[in-house]
Amino acid sequence: MKAYRKKKKYLQSEAIVLKVFDFAEADKIFTLLTPDNGIIRVVAKGVRKPKSRMGGHIDVLSKVNAYISLGDNLSNISQVEIINNYPVLKKDLSLISIGFYLLELCEKFSVENDPNNDIYYHLSYSLDILQENSENALIVRWFEITLLMISGFLPELYNCLISGEELDEGDHLFSSVNGGLVNKQYATTTDSYISIDKNSIKALRYLSNNGWPEVQKINFGANTLEKLKIVMRKYIQNITNSQINSEKFLSRVI
Amino acid sequence: MSPVNKFPFMPRALSQLIESFRLLPGIGPKTAQKLAFSTLKMSSEQVKDISNSLANIKSEIIYCQYCQNISENSICNICTDNNRDNSIICVVEEVMDVYVLEKSGAFKGKFHVLHGSISPANGIGPDEIRIKELVNRVQSDSLIKEIVIATNLNLEGEATAMYINQIFSKSEHKIKITRLARGLPSGSDIEYADETTILHAMGSRVNIDESL
């Protein structure tokens, strides 16, 4: 006889709101990132009405404590309270656009109903430091590299992808298709590469090996950060196999 | 190829009508069936009227060339109304918002409908909504002195408001940009209000004589 396991019907969890869209007459569907359940999509009933008790407590770019009644297809959010509304971020258009970008990346790298504590806490920590620091471009680059590392997509930064030899301290090529550095002499004509100078390579290595407290002390220079932006954009596009929508808005605002 | 009949026990025309009603927001399978059976009970004239109205909505309604509101003519009734204040434009996200504001009688200026709000995660940037039309309109009309941004009070609405403010703050044509006030809705209990609303309500508190 098959063992009957009663399904858990309710869930109470901390969550960061990644995305929202209108649903039915006065409802919204929120995409939440939770530490223990990954991405969960929930319906918030009547939340578009001004008198909704939930409306002011839940919005994109907010950390909330959510009470969810789980359903087979869509789950319903029954109660919600704000943990952090990131008021500093929400007053500045460039910070909002960075916030949208970080949220979209987390959505792309997370899986529905699959726990990933690391992505959740990385996002939560990054939003906190974004509120307190002015080094926006550096925070974004550090966020991207760390997210890639957490998700198992950190590019190869020490050995040539083709020959396997240890790379010298010079300029090399970055292969966004294969994810890592390639010695110029082994580069094939069929693959497209991005030239990357030694300072940008050093910066990539430093960002991948250090936490924010160490990273924030270093001045990488605007040119290096711009180069890393190009490399990361190409590489992330390749991994996710899609365009990062908010990246376009981010480039426009900043 | 004709669409699959989802209700094989029903005549095809009826099941197609049910499926058509289901395309409307907020209409589930049960409501769609009720509407379809109600339509069946109507007279032929009534059904013809409904069918004509549905067809006309696409053929006769266009967007006003100034405010982007829906209209039967190239310029809508609000834009042609000489009794309205030409110096102030209220920017809203959707056509429905115009009707809500009109119903309230609180605004006597002109409107501009964006047809959405900036939502980068959903691929909607400034080019996908009618911000360019607003900029062109303001730049070509020196009578406009103020823009009231009445986008929704969520992150997308705020981002849209900030983006519009950023454009006009860089523009040579200096105009006043205002945002709708935020606060507690009438008839609500403070007990259930969220921190953000209370923060805004407290920040924009008014003298008791003005609020009565």
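Chain identifiers are assigned alphabetically (A, B, ...) following the order of the sequence lines, protein sequences preceding nucleic acid strands; residue numbering begins at 1 within each chain. Only heavy atoms go into these numbers, but all of them, side chains included; no hydrogens, no water, no symmetry mates. What you see is a predicted model; the values in this text were computed from it and never measured.
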task = Find the one option among I27(B), L184(B), I118(B), T197(B) whose heavy-atom pairs under 4.5 Å with chain A are most numerous.
result = I118(B)
message = Less than 6.0 angstrom from the centroid, inside 45 degrees of the normal: does R141(A) satisfy that with respect to the ring of F220(A)?
response = no
ask   = So do the side chains of L93(A) and F249(A) get within less than 4.5 Å of each other, counting heavy atoms only?
value = yes
task = Check whether E128(B) gets within reach of chain A through its side chain, its backbone, both or neither, counting any heavy atom under 4.5 Å.
result = side chain
request  = May I ask you to name which of G28(B), G125(B), A159(B) has the most heavy-atom pairs under 4.5 Å with chain A?
outcome  = A159(B)
Chain B contact via D92(A) - which portion, at a heavy-atom distance below 4.5 Å = backbone
ask   = Checking heavy atoms, do the side chain of K108(A), its backbone, both or neither come under 4.5 Å from chain B?
value = neither
message = Using heavy-atom distances under 4.5 Å, tell me whether K90(A) contacts chain B through its side chain, its backbone, both, or neither.
response = both
ask   = Between D141(B) and K110(B), is the closest basic N to carboxylate O distance under 4.0 Å?
value = no
message = Does any backbone or side-chain atom of R252(A) lie under 4.5 Å from a heavy atom of chain B? Answer side chain, backbone, both or neither.
response = side chain
ask   = By a 4.5 Å heavy-atom criterion (distance strictly below it), what part of I96(A) contacts chain B: side chain, backbone, both, or neither?
value = side chain
query = Which region of A193(B), side chain (C-beta onward) or backbone (N, CA, C, O), has a non-hydrogen atom less than 4.5 Å from a non-hydrogen atom of chain A, or is it both or neither?
reply = backbone
key: Validation row, ring centre H122(A) to ring centre W142(A) under 6.0 Å   = yes
query = Heavy atoms, side chains only, cut-off 4.5 Å: are K234(A) and F174(A) in contact?
reply = no
request  = Report the option among A161(B), P126(B), S119(B) that has the most heavy-atom pairs separated by less than 4.5 Å from atoms of chain A.
outcome  = P126(B)
ask   = Does a side-chain heavy-atom distance below 4.5 Å link N69(B) with F111(B)?
value = no
key: Among the listed options F100(A), F23(A), F21(A), the residue most often paired with chain B at heavy-atom distances under 4.5 Å   = F100(A)
task = Please indicate whether Q166(B) has more than 12 foreign heavy atoms, meaning atoms of other residues, nucleotides or ligands, lying under 6.0 Å from its CD.
result = yes
